[in-house]
There are 2 protein chains.
Amino acid sequence: MFCSKACEYAIRSMIFLADQSQNDIVPISKLSQELEISFTFLTKVLQQLTEKGYLISYKGAKGGVCLGKAPEEISLDDIVQAVSGHNMKSICATGNPDCDGLHPCPLHDRWQPIQKMLGDFYKETNLENYKVSLIDKLIK
Amino acid sequence: MFCSKACEYAIRSMIFLADQSQNDIVPISKLSQELEISFTFLTKVLQQLTEKGYLISYKGAKGGVCLGKAPEEISLDDIVQAVSGHNMKSICATGNPDCDGLHPCPLHDRWQPIQKMLGDFYKETNLENYKVSLIDKLIK
DNA sequence: AAGAATAAAGACTAATTTGTCTTAAAATAA
DNA sequence: TTATTTTAAGACAAATTAGTCTTTATTCTT
Ligand code: FES
Ligand code: FES
């Protein structure tokens with residue numbers, strides 16, 4: 001819905017890897033089993049993350065992938081951008097390609113605060129803090 | 001991004017119609033010109049809104065479409081649902097088909113407040129109040 | 001009654017996304 | 001070295017979405 005299937009698979013895979021207590025090397029076959037995603041398709045999706053440095057891949061026996069950066073250095077927005085080529089920063093509710101306020105669509109004023117929170121969520125959520133609910137954050 | 005092109009076209013068309021001072025009958029050809037959307041494609045999209053009663057269509061010379069209900073009776077969520085068949089109420093950030101809290105994905109806790117605001121936005125925004133910014137609403 | 005304007009409907013095409021299959025390349029294990 | 005395990009890469013197929021084209025039915029105008 002918000003992003004493509006490919007994006008969703010990427011996010012789920014990255015979270016799975018972040019959940020490994022050590023930054024272990026996990027074969028994509030295992031990821032595909034655990035997350036119930038087609039192995040060959042997942043391989044292609046994760047290649048895009050490897051290209052951008054968010055994953056490191058190892059060929060051969062005992063090979064697989066592991067996080068390429070510290071968990072707090074990888075945001076959901078990074079993942080979305082790597083896989084789908086655009087971020088969640090300027091999404092217009094009516095499909096305007098640039099929701100920048102210069103050429104606002106009729107929904108712009110009302111949509112903007114929602115859009116802002118959405119963009120912040122993707123940018124500020126990373127593989128370290130994704131477990132912390134935003135409500136907890138407000139309580140503290 | 002959030003919805004399909006068809007959805008975006010539907011929302012833009014409905015807002016255009018709501019902006020007519022009277023609830024005039026507007027030919028789809030005019031909508032397609034003003035909004036720069038393919039005429040034949042737009043015709044098919046708007047047919048779905050006519051089926052659900054959100055539009056009334058008139059064939060023949062001087063024909064066209066007009067709103068089928070009072071503007072405040074038509075929410076963005078109604079439009080999305082009519083055209084794409086699903087609403088914005090339970091959207092999981094990782095593609096989980098039912099984001100209901102029973103089978104939460106790893107992002108659920110953190111995502112939920114955002115999801116709530118998003119759902120409320122689509123449900124509470126209608127063709128009458130879409131111009132009112134949510135910031136204004138808070139100030140009052 | 002005849003012609004023009006308009007939505008409806010259905011078959012078709014094009015583009016994009018999703019997914020499969022096969023082969024190659026690299027690394028480990030025996 | 002040879003076999004096995006794994007990612008990489010590219011061609012292909014299937015599904016979904018977007019868009020076109022043509023015909024029909026309806027309504028207004030003259
Ligand atoms: S231009 Fe549409 S929401 Fe900003
Ligand atoms: S199940 Fe994924 S956000 Fe609720």
Side-chain angles (χ1 to χ4, degrees), chain A residues 1-14 16-17 24-68 80 82-86 94-95 97, chain B residues 1-14 16-17 24-68 80 82-86 94-95 97:
Chain A
M1 171 63 77
F2 290 114
C3 27
S4 59
K5 293 270 183 194
C7 258
E8 290 170 358
Y9 297 166
I11 291 175
R12 286 165 58 193
S13 298
M14 293 300 272
F16 185 92
L17 290 171
D24 290 334
I25 295 175
V26 177
I28 299 176
S29 56
K30 177 165 187 194
L31 283 170
S32 86
Q33 279 169 26
E34 296 286 339
L35 304 176
E36 296 176 306
I37 301 169
S38 143
F39 167 70
T40 47
F41 190 56
L42 186 57
T43 294
K44 301 219 302 189
V45 171
L46 298 187
Q47 271 174 37
Q48 300 179 277
L49 293 169
T50 301
E51 284 168 13
K52 309 292 191 313
Y54 297 115
L55 285 178
I56 298 173
S57 71
Y58 300 91
K59 288 184 180 178
K62 299 279 180 185
V65 294
C66 67
L67 297 186
V80 170
V83 171
S84 73
H86 54 72
T94 68
Chain B
M1 170 64 77
F2 291 116
C3 27
S4 58
K5 293 272 182 191
C7 257
E8 290 170 358
Y9 296 167
I11 292 175
R12 287 164 58 194
S13 298
M14 293 300 273
F16 185 92
L17 290 171
D24 290 335
I25 295 175
V26 177
I28 300 176
S29 56
K30 176 163 187 195
L31 282 170
S32 88
Q33 278 169 26
E34 296 285 338
L35 303 175
E36 295 177 306
I37 301 170
S38 142
F39 167 70
T40 47
F41 189 55
L42 185 57
T43 294
K44 302 218 302 188
V45 171
L46 297 189
Q47 272 174 35
Q48 300 179 275
L49 293 170
T50 301
E51 284 167 15
K52 309 292 191 313
Y54 297 116
L55 285 179
I56 297 174
S57 72
Y58 299 91
K59 289 185 179 176
K62 298 280 179 186
V65 293
C66 67
L67 296 186
V80 170
V83 171
S84 73
H86 54 73
T94 68

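Predicted model only: the values in this text are computed from it and were never measured. Just so it is clear: chains get the letters A, B, ... in the order the sequence lines come, proteins before strands, and each one is counted from 1.
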- Message: Taking any heavy-atom pair under 4.0 Å as a contact, classify A/Leu46: base, sugar-phosphate, or nothing.
- Response: nothing
- Message: On DNA chain D, does the nearest nucleotide to B/Gly60 precede the nearest nucleotide to A/Ser29 from the 5' side, or the other way round? Give the residue.
- Response: A/Ser29
- Query: Would you say C/dG19 has OP1 or OP2 under 4.0 Å from some side-chain N or O of A/Tyr9?
  - Reply: yes
- Message: Can you identify which nucleotide, out of D/dA18, D/dA25, D/dT7, has its nearest atom closest to the A/Ser57 side chain?
- Response: D/dT7
- Take the protein atom CD of B/Gln48 and the nucleotide atom P of C/dG10, then report the distance between them rounded to whole Å. 14 Å
- Task: Answer whether the closest heavy-atom distance between the side chains of B/Ile56 and B/Ile25 falls below 4.5 Å.
- Result: no
- First locate atom OG1 of A/Thr94, then atom CD1 of B/Ile11, and finally report the distance between them rounded to the nearest 0.5 Å. 7.5 Å
- Message: Rounded to whole Å, how long is the line connecting atom NZ of A/Lys44 with atom P of C/dT22?
- Response: 15 Å
- Query: Would you say D/dT7 has OP1 or OP2 under 4.0 Å from some side-chain N or O of A/Thr50?
  - Reply: no
- Phosphate OP1/OP2 of D/dA9 contacted by A/Gln47 side-chain N/O (<4.0 Å): yes
- Message: On DNA chain C, does the nearest nucleotide to A/Cys7 precede the nearest nucleotide to B/Lys62 from the 5' side, or the other way round? Give the residue.
- Response: B/Lys62
- Task: Kindly give the heavy-atom pair with the smallest separation between A/Ala6 and A/Val45, and that separation in Å.
- Result: O-CG1, 3.5 Å
- Exercise: identify the closest heavy-atom pair between B/Ser57 and B/Thr50: OG-CG2, 3.8 Å
- Message: In whole Å, I'd like the distance from the CG atom of A/Leu17 to the P atom of D/dT7.
- Response: 11 Å
- Item | Nearest-neighbour nucleotide for the A/Pro27 side chain, D/dA11, C/dA7, D/dT6 considered | D/dT6
- Query: Among C/dA7, D/dT29, D/dA18, which is the nearest nucleotide to the side chain of B/Lys5?
  - Reply: D/dA18
- Task: Heavy atoms only: give me the nearest A/Tyr58-A/Cys66 pair and the separation to one decimal.
- Result: CE1-SG, 3.9 Å
- Message: What is the separation between atom NZ on A/Lys59 and atom P on C/dA27, rounded to the nearest whole Å?
- Response: 7 Å
- Separation of D/dA18 C1' from B/Glu8 CD (nearest whole Å): 12 Å
- From CZ (A/Phe16) to CG (A/Leu31), nearest 0.5 Å: 6.0 Å
- Query: By a strict heavy-atom criterion of less than 4.0 Å, which residues belonging to residues 30-43 of chain B are in contact with DNA chain D?
  - Reply: B/Ser38, B/Thr40, B/Phe41
- Message: Distance check needed: C/dT6 P versus B/Leu55 CG, whole Å only.
- Response: 17 Å
- Considering only heavy atoms from C-beta outward, does the side chain of A/Val65 approach that of A/Leu49 to under 4.5 Å? no
- A/Tyr58 has an atom OH; how far is it from atom P of D/dT7, in whole Å? 13 Å
